[in-house]
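The chain is numbered in sequence order, starting from 1. Whatever order the structure lists them in is the order used to number ligands and atoms, beginning at 1.
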Amino acid sequence: MSLRRIVFALAYATLLLSAAGPAVAVPVRRSVPWPQNDPFYTPPSGYESSAPGAILRTRPIPSPLAGIFSQTENVANAWQILYRTTDALGNAIATVTTLIEPHNANSAKVLSYQLAEDSAAQQCAPSYTLQSGSGGTSSSLDLLMMDAALNQGWYVTAPDYEGPKSVFTCGSTSGQGVLDSIRAVLASTSVTGVKSSAGVVLWGYSGGALATGWAAELQPTYAPELKLLGAAMGGTPSELNATVNAVNKGPFAGLIPAGFLGLSQQYPDLNSYIQSQLIPSKAAAFNNASAQCLGADSTQFANQDIFSYFQPNFLNGSPAATAIANNKMGSYVPKIPLWMYHAIHDEVVPFAPTQALVTKYCSEGANIQFTQDQLSEHIILDITGAADAFTWLKARLSGVPLAAGCTTRTTTSEILDPGALLVFGSIIFNGLQDLLGKPIGPTSLA
Ligand SMILES: *[C@@H]1O[C@H](CO)[C@@H](O)[C@H](O)[C@H]1NC(C)=O
Ligand SMILES: *[C@@H]1O[C@H](CO)[C@@H](O)[C@H](O)[C@H]1NC(C)=O
């Protein structure tokens, strides 16, 4: 068997394992109202004058936290925090983060985990899908990564960084949403026990890396007081147009309507433009992507030419070109250390723009360890790159010093790195144990 086949077999086994849930799990009632029908999400009047990151409201998670296999997670506590943040147009908005406390938690360690929501509808937000009563559509890979952190005793916060209008792919709304969720979590001590001085790291892959990367870029200007210890991001969509061109007519084509409609929910001029450019007989089908989640989008739009929904030259019209340009990463330089990983043959988020982004960041003084993976593709690297990212985050939270500057390395597959398989194995093992209802967290106080 070739190395490529071994690595892919391992990754697919993980995918199958983590996707096995719906088939074996007990049917879940949809007992939790959608965010759009849940008054918790509506901020109290006058909230606009509170500071970014201010806590507006908290509650214990209404329905138990959902696990990888649709079982409920045996954690110590989980809360939802409604907090004030700022959207891309500078307006005050309120959104929710889910904060999870494992058993034997260490109140001085927090991971901000950005799930790959990849959808433009409210009921796809993590705060909703992470609840078992929702019939949750969170990616099981995301849940596996979050479990790995919880099993270290870290608190995990998972923000609805797209905000109340689900502005999927909007960079500054997402980044600011992440930064303010961290402010809110650090201010939540009296409710959650998290220390206000806790060390914080960030992690996200693909759509989650978009939010993570924008948070890293905007931190020096938007939240300079936050002392973040580092951010890991993989498959980073630094240039939306590259993804549009890469996924059109392929299995991931549904990301395009979700992305355009997500942006249009932020920019009113883009919304009018999109609606005016849609071919009337196809508009309703296209607009479905503003009301459904990634799975339904993938099914509805698979292998279609998304440009066939539009008048010619849609992408070059000024509202579309401006939105794409404004949401390209690289106008700001992160000051926090970054661990970045990307598949050279990534078929969803092309490699070249991210490589260019790393070069730009590094020429402007960033601190980055960048791994280019030769064997993996987009989904595969989410799995095979996780162990290294996790090990790096662990070192940041433990205060292991880092050399300044940038390093770039090319590896056949990150899963073959020394120690990676061991870490990977324990991530899977813990995931399986969590299925059996084992209390999630370290066995003794960290
Ligand atoms: C759009 O969504 C509606 C409602 O869910 C559904 O009936 C319809 O089939 C969808 N359109 C397409 C083209 O899939
Ligand atoms: C996006 O890509 C298309 C197709 O390659 C191109 O025509 C368009 O000019 C690009 N737009 C931007 C804003 O880069």
Side-chain angles (χ1 to χ4, degrees), residues 30 33-37 88 118-125 128-129 134-135 137 166-172 210 213-214 217 236-267 269-331 346-357 359-360:
R30 217 185 77 196
W34 281 6
Q36 47 275 55
N37 302 325
D118 293 4
S119 315
Q122 270 264 270
Q123 72 276 15
C124 322
Y128 178 74
T129 60
S134 69
T137 54
S166 306
V167 299
F168 173 46
T169 69
C170 183
S172 41
L210 184 150
W214 277 88
E217 282 201 7
T236 310
S238 54
E239 199 177 310
L240 301 179
N241 210 29
T243 291
V244 169
N245 292 323
V247 302
N248 192 35
K249 303 183 193 170
F252 300 99
L255 289 169
I256 305 175
F260 276 120
L261 289 169
L263 287 176
S264 78
Q265 286 159 189
Q266 177 67 81
Y267 307 111
D269 62 331
L270 179 64
N271 183 41
S272 334
Y273 176 71
I274 287 178
Q275 298 307 323
S276 72
Q277 293 289 303
L278 279 167
I279 291 169
S281 62
K282 293 187 153 190
F286 184 87
N287 286 326
N288 267 8
S290 70
Q292 65 194 19
C293 301
L294 176 64
D297 289 338
S298 303
T299 308
Q300 185 184 326
F301 296 101
N303 306 316
Q304 295 184 20
D305 178 3
I306 303 302
F307 294 108
S308 72
Y309 286 76
F310 289 99
Q311 309 292 343
N313 287 320
F314 158 72
L315 259 192
N316 293 315
S318 128
T322 305
I324 288 173
N326 286 345
N327 289 284
K328 180 174 169 176
M329 290 170 69
S331 299
D346 192 315
E347 78 287 24
V348 178
V349 181
F351 176 73
T354 303
Q355 187 182 40
L357 179 73
T359 304
K360 181 166 197 293

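- Residue contact check: Ala285 has heavy atoms under 4.0 Å from atoms 13 (C) of ligand 1.
- Looking only at distances, no side-chain donor or acceptor of Ser290 sits under 3.5 Å from a matching main-chain atom of Leu261.
- Counting only non-hydrogen atoms, the option in Asn245, Asn326, Asn248, Ile324 that gets closest to atom 4 (C) of ligand 2 is Asn245.
- Side-chain atoms of Ser119 come within 3.5 Å of backbone atoms of Leu294 as a donor-acceptor pair (strictly under, hydrogens ignored).
- Within a 4.0 Å radius of atom 9 (O) of ligand 1, the protein contributes no non-hydrogen atoms.
- The closest donor-acceptor contact from the side chain of Tyr273 to the backbone of Phe314 lies under 3.5 Å.
- Judged by distance alone, the side chain of Asp346 and the main-chain N or O of Phe351 form no donor-acceptor pair under 3.5 Å.
- Close approach of ligand 1 to Gln300 is summarised as follows: ligand atoms under 4.0 Å from at least one heavy atom of the residue are 12 (C), 13 (C), 14 (O).
- The backbone N or O of Ala291 sits less than 3.5 Å from a side-chain atom of Gln123, completing a donor-acceptor pair.
- With distances taken over non-hydrogen atoms, the option nearest atom 6 (C) of ligand 2 out of Thr322, Leu240, Asn316, Val244 is Asn316.
- Inclusion of Asn288 in the set of residues having an N or O under 3.5 Å from an N or O of ligand 1 is warranted.
- When each atom of ligand 2 is checked for a heavy atom of Leu315 under 4.0 Å away, the hits are 1 (C), 2 (O), 3 (C).
- Nearest non-hydrogen protein atom to atom 3 (C) of ligand 2 is Asn241 ND2, 3.6 Å.
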